[in-house]
Amino acid sequence: MTNIGVLISGRGSNFEAIARNVAASVIPARISLVVSNRPDARGLDLARKMGLNARYIPSQGRTREEFEHDLLAALAEKQVDVICLAGFMRVLSADFVRRFPQRILNIHPSLLPAFPGIDAQKQALEYGVKFTGCTVHFVDETVDAGPVILQAVVTIEDGDTVETLSERILREEHRIYTQALRIVLEERYRIEGRRVLISPEKN
Ligand code: GAR
C-alpha cells in the first residue's frame with residue numbers, strides 16, 4: 001500500500017478530507033506522516049487526535065536547506081511515496097522536487113494559471129472574473145505551474161466576499177483532491193507534454 005505524507009501549514013481542512021477518505025478506503029493508501037512547518041497549525045492537532053504520525057518541522061528562521069534536510073529525513077523514515085501539499089505555504093526547492101517526480105501534488109484555490117501565489121480568492125474577486133475555482137496539479141520545479149490533474153469551476157456571485165467565495169471553493173477542493181489522488185495512486189493517467197490524460201476507473 002502506498003504511503004502518503006501530507007504537508008500543511010494551517011487549518012488542515014484538505015488534510016482532514018483526505019484523512020477521512022483514507023479511513024473510508026476511498027483513497028487506496030495510508031497516511032504515514034503529517035508535517036506542519038508551523039507549531040500552531042490546527043491540522044497538526046487534528047492529525048494527532050486521529051492517531052497519525054504528526055510532526056512539527058520548523059521553517060522560520062532557518063534556511064531552505066536546513067528545513068528540507070529534516071523534512072527529507074522524516075519522509076524517508078516513514079517511507080513516504082506520495083506527498084500531498086495541503087495548504088502548505090512554503091516553496092520547495094528544485095532539488096527537493098526532483099527527488100519525487102510526479103509524486104508531489106498540490107491544491108491551489110484558483111483555476112491555474114490564473115491567480116497563482118497567495119490570496120488567490122482575493123485576486124479573483126478584485127480582478128472581476130465571473131468564474132474561478134481550484135486546481136490539483138503535480139508539483140514541478142516551477143511555482144503553481146506543474147501539469148494540471150483536475151480542476152473545478154466555481155461561479156462568482158455579485159454578493160461574494162473573500163470568505164463566502166473561499167468557502168465554496170474549499171468544498172470543491174476537498175472533492176477534487178481525493179479524486180486526483182485516486183487517479184495518481186491507481187496510475188490512471190499519462191502525461192503528454194503538459195497534459196495529464198486520465199483514463200476511466202476500472203470496475
Ligand atoms: C486552501 O484553500 C488551499 O487551496 C490553499 O490554502 C488553503 C488551505 O486550507 N493553498 C494555497 O493557497 C497554496 N498556494 P486548509 O489548510 O484548510 O486545507
Side-chain angles (χ1 to χ4, degrees), residues 4-23 26-27 31 33-50 52 54-57 59 64 67 71 82-94 96-97 100 104-127 129 131-156 160-181 184:
I4 298 180
V6 187
L7 272 52
I8 62 171
S9 298
R11 180 178 52 191
S13 75
N14 276 290
F15 149 67
E16 194 177 357
I18 292 168
R20 282 184 203 282
N21 284 326
V22 164
V26 174
I27 297 172
I31 297 177
L33 180 65
V34 179
V35 170
S36 171
N37 66 322
R38 298 187 52 98
D40 53 353
R42 169 187 172 270
L44 204 53
D45 265 1
L46 218 67
R48 291 190 177 124
K49 284 189 184 125
M50 287 176 177
L52 295 169
R55 275 196 214 169
Y56 160 51
I57 300 180
S59 61
R64 197 184 302 275
F67 171 72
L71 179 58
V82 170
I83 299 171
C84 296
L85 308 185
F88 179 69
M89 295 306 193
R90 287 272 300 203
V91 173
L92 295 167
S93 72
F96 183 98
V97 169
F100 297 92
I104 311 177
L105 278 64
N106 182 41
I107 181 110
H108 184 80
S110 74
L111 296 173
L112 289 171
F115 314 125
I118 60 161
D119 295 333
Q121 304 93 331
K122 183 163 176 270
Q123 291 185 55
L125 269 179
E126 283 176 355
Y127 193 93
V129 290
F131 299 96
T132 183
C134 49
T135 303
V136 180
H137 64 93
F138 284 118
V139 174
D140 62 12
E141 293 160 34
T142 59
V143 175
D144 290 341
V148 171
I149 305 168
L150 287 178
Q151 292 186 306
V153 176
V154 172
T155 303
I156 297 186
D160 263 330
T161 60
V162 172
E163 288 71 33
T164 58
L165 178 61
S166 300
E167 200 181 297
R168 289 208 308 291
I169 295 174
L170 200 60
R171 260 181 264 148
E172 293 301 302
E173 292 186 34
H174 297 166
R175 188 175 63 78
I176 68 168
Y177 213 156
T178 286
Q179 239 182 306
L181 256 170
V184 171

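For ligands, and for the atoms within them, numbers begin at 1 and follow the listed sequence.
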For ligand 1, what N or O to protein N or O distances fall under 3.5 Å?
{"residue": "ligand 1", "atom": "2 (O)", "partner": "Glu173", "partner atom": "OE1", "Å": "3.2"}
{"residue": "ligand 1", "atom": "2 (O)", "partner": "Glu173", "partner atom": "OE2", "Å": "2.9"}
{"residue": "ligand 1", "atom": "4 (O)", "partner": "Glu173", "partner atom": "OE1", "Å": "2.8"}
{"residue": "ligand 1", "atom": "4 (O)", "partner": "Glu173", "partner atom": "OE2", "Å": "3.3"}
{"residue": "ligand 1", "atom": "9 (O)", "partner": "Arg11", "partner atom": "NH2", "Å": "3.1"}
{"residue": "ligand 1", "atom": "14 (N)", "partner": "His108", "partner atom": "ND1", "Å": "3.3"}
{"residue": "ligand 1", "atom": "16 (O)", "partner": "Gly12", "partner atom": "N", "Å": "2.7"}
{"residue": "ligand 1", "atom": "17 (O)", "partner": "Arg11", "partner atom": "NE", "Å": "2.6"}
{"residue": "ligand 1", "atom": "17 (O)", "partner": "Arg11", "partner atom": "NH2", "Å": "3.2"}
{"residue": "ligand 1", "atom": "17 (O)", "partner": "Ser13", "partner atom": "N", "Å": "2.8"}
{"residue": "ligand 1", "atom": "17 (O)", "partner": "Ser13", "partner atom": "OG", "Å": "2.6"}
{"residue": "ligand 1", "atom": "18 (O)", "partner": "Ser13", "partner atom": "N", "Å": "3.4"}
{"residue": "ligand 1", "atom": "18 (O)", "partner": "Asn14", "partner atom": "N", "Å": "2.9"}
{"residue": "ligand 1", "atom": "18 (O)", "partner": "Asn14", "partner atom": "ND2", "Å": "2.9"}

All salt bridge (charged side-chain N to carboxylate O under 4.0 Å, His left out) counterparts of Glu172, not counting sequence neighbours
Arg175
Arg42/Glu16 ion pair, N-O < 4.0 Å:
yes
Test side chain to side chain contact (heavy atoms under 4.5 Å, CB included) applied to Val139 and Asp144, Ile83, Val97, Leu105, the passing residue:
Val97
Given 3.5 Å as the limit, does a donor-acceptor pair link the side chain of Thr135 with the main chain of Leu112, or not?
yes
Listed once per pair and sorted, the salt bridge (Lys or Arg N to Asp or Glu O under 4.0 Å) pairs that draw on residues 111-124, sequence neighbours left out
Lys122-Glu126
Sequence neighbours left out, what passes side-chain contact (heavy atoms from CB on, under 4.5 Å) with Asp160? Give chain and number order.
Leu125, Ile156, Glu157, Thr164, Leu165, Arg168
